[in-house]
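In what follows, a single structure is set out as structure tokens and then discussed.
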There are 2 protein chains.
Amino acid sequence: MDTTHFRAEILKALGQPTRLKIIDFLRDGERCVCEIFPAIGEEQSNTSRHLNLMVSTGILFRRKEGVKIFYALKHMEIMEIVDLATQIMTQEITGRHRLLKAA
Amino acid sequence: MDTTHFRAEILKALGQPTRLKIIDFLRDGERCVCEIFPAIGEEQSNTSRHLNLMVSTGILFRRKEGVKIFYALKHMEIMEIVDLATQIMTQEITGRHRLLKAA
DNA sequence: CGGATATATGATTGAGTGATCATATAATAG
DNA sequence: CTATTATATGATCACTCAATCATATATCCG
């Protein structure tokens, strides 16, 4: 089986600023939409769409409680991936500093 | 500093089927374009564009040797990220099987 | 029931993306 | 110098995506 598309879909879901902000915010645990969209500074509507997308992709849990709907990270691996991306970013930035100083 | 866009850019670079195929192929080490595009079954032109994008994003090295241009993964973390995505995928697939069996 | 709150969804729009074809550039061999 | 090989790039096109506004749905409270 070729898993390329499935794996790309997961990584693509993480590679978008608004979704990444949501994921950062969900690190501390489950949150409802009404907490998420003010925290990340996006419209309720837009936030809802991104949350739905990430549930479809399989990286978020959804739980209903009364009127509120709570979302949470479904896999610890998601945080690890984001942390590794941060490491790469840091290396790139310091690497460029080194180049700038040398020039 | 808000690093959201930078981190998203890195993850986005990985979240595309053609680029993911390239990254899989580069696990074994440095390869030139003439080796890469037949291996992944894409056009030379298209392959070149994706390689350039990944160099700009800072996840690939480029080295010139005569007429050939070699590309290589620039960070070990890239392989780790892809492996973690594979783990998530596997958990999702087996999880769905379990649900199907229970139904 | 009627109003308020929380979330989702339809429609639209502008921007971005990936692939393709044709062509340009660069390096090397003969 | 010319032909060949390797790679990059311009132009184009269909498609996808993110954001927004307006509205629908659902739950709860009084």
Side-chain angles (χ1 to χ4, degrees), chain A residues 2 4-26 29-74, chain B residues 2 4-26 29-74:
Chain A
D2 183 24
T4 308
H5 283 268
F6 206 128
R7 289 182 297 148
E9 201 184 21
I10 292 170
L11 293 167
K12 187 179 175 183
L14 306 175
Q16 203 281 333
T18 304
R19 290 195 288 272
L20 201 46
K21 279 190 277 180
I22 293 173
I23 289 167
D24 284 341
F25 185 64
L26 291 180
E30 194 182 53
R31 291 282 184 273
C32 68
V33 185
C34 58
E35 294 171 302
I36 299 170
F37 82 85
I40 66 172
E42 292 289 331
E43 287 211 350
Q44 178 271 320
S45 164
N46 192 30
T47 305
S48 174
R49 275 182 220 282
H50 284 295
L51 288 166
N52 274 292
L53 184 146
M54 289 191 278
V55 170
S56 303
T57 310
I59 64 176
L60 289 190
F61 267 128
R62 167 190 274 142
R63 185 177 67 85
K64 192 173 182 175
E65 187 181 314
V67 188
K68 296 187 178 181
I69 301 194
F70 290 86
Y71 289 89
L73 297 181
K74 194 168 171 186
Chain B
D2 182 24
T4 307
H5 283 269
F6 206 128
R7 291 182 297 148
E9 199 185 25
I10 292 171
L11 292 167
K12 186 178 177 185
L14 305 175
Q16 203 280 335
T18 304
R19 289 194 288 271
L20 200 47
K21 279 190 277 178
I22 291 174
I23 289 166
D24 285 339
F25 185 63
L26 291 180
E30 195 183 52
R31 292 281 184 275
C32 68
V33 185
C34 59
E35 294 171 302
I36 298 172
F37 82 84
I40 66 173
E42 292 289 331
E43 288 211 351
Q44 178 270 321
S45 164
N46 193 28
T47 305
S48 173
R49 275 183 218 282
H50 284 295
L51 288 167
N52 274 291
L53 184 146
M54 291 191 279
V55 170
S56 303
T57 310
I59 65 177
L60 290 191
F61 266 129
R62 167 190 273 144
R63 184 177 68 85
K64 192 172 180 176
E65 187 182 312
V67 188
K68 296 188 179 180
I69 300 194
F70 289 87
Y71 289 89
L73 298 180
K74 193 168 170 186

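A quick note: this is a predicted structure, and the numbers were derived from the prediction, not measured. In what follows, every chain begins at residue 1, and chains take the letters A, B, ... in the order their sequences are listed.
- A:Gln16 is not listed as a side-chain neighbour of A:Leu53, based on a closest heavy-atom distance of 4.5 Å or more.
- Atom CD of A:Gln44 and atom C1' of C:dG10 are 14 Å apart (whole Å).
- Each of B:Lys12 and B:Ser45 was matched to the nucleotide of DNA chain C holding its nearest heavy atom; the match closer to the 5' end belongs to B:Lys12.
- Applying the side-chain hydrogen bond (donor to acceptor under 3.5 Å, both in side chains) rule to B:Gln44 yields no partners; only residues at least two apart in sequence or on another chain are considered.
- Among the atoms of the strands shown, only primed sugar atoms or phosphate atoms (P, OP1, OP2) are found under 4.0 Å from some heavy atom of B:Thr18.
- Considering only side-chain N and O atoms, A:Tyr71 lies nowhere under 4.0 angstrom from the phosphate OP1 or OP2 of C:dA6.
- Judged by distance alone, the side chain of B:Arg19 and the main-chain N or O of B:Ala13 form a donor-acceptor pair under 3.5 Å.
- A donor-acceptor contact under 3.5 Å is not formed by the side chain of B:Arg49 with the base of C:dT17.
- With hydrogens and angles disregarded, no donor-acceptor distance shorter than 3.5 Å links the side chain of A:Arg31 to the backbone of A:Ile36.
- If you check every strand for non-hydrogen atoms under 4.0 Å, A:Phe37 touches nothing.
- For D:dT7, the OP1/OP2 oxygens have no side-chain nitrogen or oxygen of B:Lys64 closer than 4.0 Å.
- Remark: A:His50 is not in phosphate contact with D:dC17, judged by side-chain N or O atoms under 4.0 Å from OP1 or OP2.
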